[in-house]
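Values reported hereafter were calculated over all heavy atoms of this structure, with side chains retained and with hydrogens, waters and symmetry mates removed. Chain identifiers are assigned alphabetically (A, B, ...) following the order of the sequence lines, protein sequences preceding nucleic acid strands; residue numbering begins at 1 within each chain.
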Protein chains: 4
Amino acid sequence: MMPEPPPPNARRSIGAQRNPASAEAILSAAEALLSEEGYGGFSIEKVARRARAGKPTIYKWWPSKAALLLDVYQRQKSIEMPDTGRLEDDIIQFIDAILTHWRETPAGTIFRSVVAEAQSDETAGAALSDFATEREADTGFLIWRGLERREVRDDIRPAEAARWIVAYLWYRLLTGQLAAPGMTRADVRILVGGLERRP
Amino acid sequence: MMPEPPPPNARRSIGAQRNPASAEAILSAAEALLSEEGYGGFSIEKVARRARAGKPTIYKWWPSKAALLLDVYQRQKSIEMPDTGRLEDDIIQFIDAILTHWRETPAGTIFRSVVAEAQSDETAGAALSDFATEREADTGFLIWRGLERREVRDDIRPAEAARWIVAYLWYRLLTGQLAAPGMTRADVRILVGGLERRP
Amino acid sequence: MMPEPPPPNARRSIGAQRNPASAEAILSAAEALLSEEGYGGFSIEKVARRARAGKPTIYKWWPSKAALLLDVYQRQKSIEMPDTGRLEDDIIQFIDAILTHWRETPAGTIFRSVVAEAQSDETAGAALSDFATEREADTGFLIWRGLERREVRDDIRPAEAARWIVAYLWYRLLTGQLAAPGMTRADVRILVGGLERRP
Amino acid sequence: MMPEPPPPNARRSIGAQRNPASAEAILSAAEALLSEEGYGGFSIEKVARRARAGKPTIYKWWPSKAALLLDVYQRQKSIEMPDTGRLEDDIIQFIDAILTHWRETPAGTIFRSVVAEAQSDETAGAALSDFATEREADTGFLIWRGLERREVRDDIRPAEAARWIVAYLWYRLLTGQLAAPGMTRADVRILVGGLERRP
DNA sequence: TATTAAGCGAGACGGTACGTCTCGTCTTAGA
DNA sequence: TCTAAGACGAGACGTACCGTCTCGCTTAATA
């Protein structure tokens with residue numbers, strides 16, 4: 001009935017300050033859980049069990065499932081921008097690198113979870129919206145470099161153009177089309193070349 | 001101990017066949033619930049209560065939450081294809097019509113729910129993937145008409161081009177950017193005209 | 001979507017230990033429910049509702065309906081052994097006291113429920129069997145005192161003789177013959193005096 | 001969606017009259033179900049499935065689970081009264097014969113189910129009470145023959161004395177003490193000889 | 001050096017929802 | 001008119017999580 005003393009090797013409080021080992025254990029457990037069971041099998045309860053952490057400890061630092069998911073996603077390593085010297089190839093390589101990353105690491109599952117969570121949690125929704133804007137800006141660098149190289153039309157604004165790329169990436173993820181070799185090249189040709197017949 | 005007989009005006013069995021009134025009541029209740037409380041407040045339990053239906057009746061016909069959500073979404077009325085005589089305006093009007101539809105009817109919330117559900121339910125995932133392909137084909141009609149009118153480059157394949165449009169629509173929905181007047185026009189200009197500097 | 005916090009006056013956790021107030025509320029609710037609706041109207045669901053307790057709280061401490069019923073029965077106050085100085089009167093008074101107790105308090109309904117439950121639940125079956133043995137031993141005290149007083153034949157073993165009394169009590173309960181004044185006296189005469197014609 | 005035609009070998013209506021084959025199939029299915037799964041696994045639903053009968057057909061002829069259980073019990077073959085020429089042996093043999101019957105055929109399980117059902121169903125309760133009275137009368141025959149043989153005290157009334165025997169039998173059944181060789185002999189000695197020390 | 005204050009694990013708590021089972025009623029289609 | 005079939009509203013089953021609360025311990029910062 002009385003609480004057992006914890007096993008001697010357990011993490012304990014380190015005083016009136018956050019224990020980084022706990023935060024680390026929780027994030028790792030969440031990541032592992034997501035990659036093993038996906039969003040459907042993800043719960044704070046399981047994370048706590050796996051991390052040997054108390055639920056209130058989790059809620060204290062991440063007030064919602066969404067917050068924890070976002071933190072887990074932020075931990076994933078980011079993708080380097082390719083530099084082939086040619087816009088079209090840059091975009092293709094960038095897209096394929098991200099799709100591969102999503103396919104071969106937990107990152108894809110984690111991000112799908114964030115998107116799902118954002119549909120029912122307003123905080124996550126706002127965070128996702130901000131994140132999207134940020135991705136547009138980052139990705140805009142590819143376009144900006146194309147402008148520098150005078151490959152891209154002068155009236156193109158990098159972030160707006162990048163919006164198409166980000167949307168396309170999410171769409172591939174959410175529809176489960178992460179692995180479709182060749183698809184990217186054809187699709188990117190359309191975006192880069194436009195739809196209009198040239199005079 | 002004995003189950004109460006239902007009130008005399010309740011829906012009853014109409015024999016060894018599905019009662020369409022129940023199906024209707026369930027779908028309506030689900031739609032109303034989604035539009036009032038969103039995906040987060042959606043549960044089979046609440047749908048059953050609201051529809052005055054038994055849970056087993058729901059599970060009998062829609063084996064998962066995803067199946068019910070998809071059926072609710074299919075009930076939404078579809079959008080007519082605009083025909084302005086000009087590809088760019090067709091696309092802009094089409095996108096804005098859908099965004100408006102999503103913003104002003106429950107359809108947006110419902111579809112966000114379907115997407116969320118698809119991230120944890122494999123069946124819904126497959127259905128969403130199929131649905132996406134279907135939308136690409138439908139939307140491809142706009143491009144095809146542009147080909148007919150010789151507005152569009154000969155080497156463009158309608159469904160592939162349409163994929164960009166569908167992805168863009170989903171992205172606007174999922175990031176909560178349903179109402180951004182003017183945004184669509186600028187973005188579509190990029191897709192239609194392409195990124196490349198003309199020689 | 002978010003679970004409502006319980007009303008401020010509700011029972012809450014008192015830490016990582018069982019809250020006796022909850023246990024008490026649950027047992028009381030179960031007892032009240034049984035006495036009002038009988039075994040047929042008894043369900044864990046109703047007990048939880050009535051006790052304002054969560055179902056999992058009940059299942060945590062009483063893993064089956066049978067366990068809860070047995071605990072509720074154990075809470076009933078026990079009957080004092082009469083001491084009239086004469087075996088036959090002791091037995092009659094004992095039997096009538098128990099029948100009255102069963103008739104005028106929830107105890108009778110509760111014990112009938114335990115017996116019923118024991119017919120489909122193995123745990124309850126074993127518990128009932130143990131309980132019966134215990135009752136035989138307890139009731140044997142009446143016989144033992146008769147032996148002490150040299151009223152009872154030397155070769156009688158108290159618990160065996162008491163088995164007849166316990167069986168008789170259960171039979172009266174299960175056949176709904178709790179109130180039949182005079183019946184007990186005649187029946188007990190048979191047990192005490194035996195069937196055999198004396199030489 | 002439309003109901004399948006039944007398999008060609010199914011029992012069908014034989015017109016505007018009760019089909020005895022259905023009644024038989026239902027009773028057999030109920031008996032088999034009880035003996036295989038016990039009272040806990042017994043349900044009208046399963047009986048109907050097993051008998052390939054419609055639930056309304058069952059409810060039409062047996063208005064409650066209790067009624068069906070009682071009918072199933074009545075179908076069991078009855079036990080012959082032993083005639084050893086000596087009261088005590090008659091009673092021992094009678095008791096052991098019934099316990100053996102209950103132990104080795106479905107009859108024991110069925111009767112336990114009837115008793116359990118009688119604790120929540122008033123109809124079954126009344127039927128069980130009547131049944132008990134009937135058993136007392138039947139069993140009284142043993143005592144009556146003892147009277148005839150002048151083995152039994154003149155003031156003993158057969159049905160009352162038999163009540164002890166019936167109670168004892170039920171008790172052995174309900175506490176799961178069907179198989180305890182030797183127990184019966186010692187216990188019956190007490191009943192027959194009485195508790196009182198002879199002067 | 002002693003006290004306080006926060007963090008920590010553990011886990012109980014009131015709840016909601018899950019997906020399944022059975023209840024007893026009802027209607028149909030077919031013989 | 002009776003049958004098999006099965007849909008129906010109702011509601012209980014036992015389990016998983018939710019987010020909150022309290023406990024008893026541990027430790028760093030403060031007094």
Q: Starting from C1' on E/dC13, measure out to CH2 on C/W61 and report it in whole angstrom.
A: 11 Å
**Q.** Residue list, side-chain contact (heavy atoms from CB on, under 4.5 Å) with A/K46, at least two apart or on another chain
**A.** A/L33, A/E37, A/S43, A/R49
**Q.** Contacts of D/F111 that satisfy ring-ring contact (aromatic ring centres under 6.0 Å, His included) - sequence neighbours left out
**A.** D/Y73, D/W102, D/F131, D/W170
Q) CG of A/L68 versus C1' of F/dC18: gap in Å, rounded? A) 15 Å
Q) Taking OH from B/Y59 and P from F/dA7, how many angstroms apart are they, rounded to a whole number? A) 18 Å
(Q) If you assign each of A/R49 and C/I44 to its closest nucleotide in DNA chain F, which residue comes earlier from the 5' end? (A) C/I44
(Q) Among residues at least two apart in sequence or on other chains, which ones pass side-chain contact (heavy atoms from CB on, under 4.5 Å) with A/A51? (A) A/A25, A/I26, A/A29, A/A53
Q: Output all residues satisfying salt bridge (Lys or Arg N to Asp or Glu O under 4.0 Å) with C/E122, sequence neighbours left out; order by chain, then residue number.
A: none
Q: In plain terms, say whether D/R50 and D/E31 are close enough for a salt bridge, that is, a side-chain N and a carboxylate O under 4.0 Å apart.
A: no
Q: Can you tell me which residue pairs pass the salt bridge (charged side-chain N to carboxylate O under 4.0 Å, His left out) test with a partner in residues 20-30 of chain C, sequence neighbours excluded?
A: C/E24-C/R75
Q. Looking at residues 23-36 of chain B, who's got a heavy atom less than 4.0 Å off DNA chain F?
A. none
Q) Rounded to whole angstrom units, what separation is found between the NZ atom of D/K65 and the P atom of E/dC21? A) 16 Å
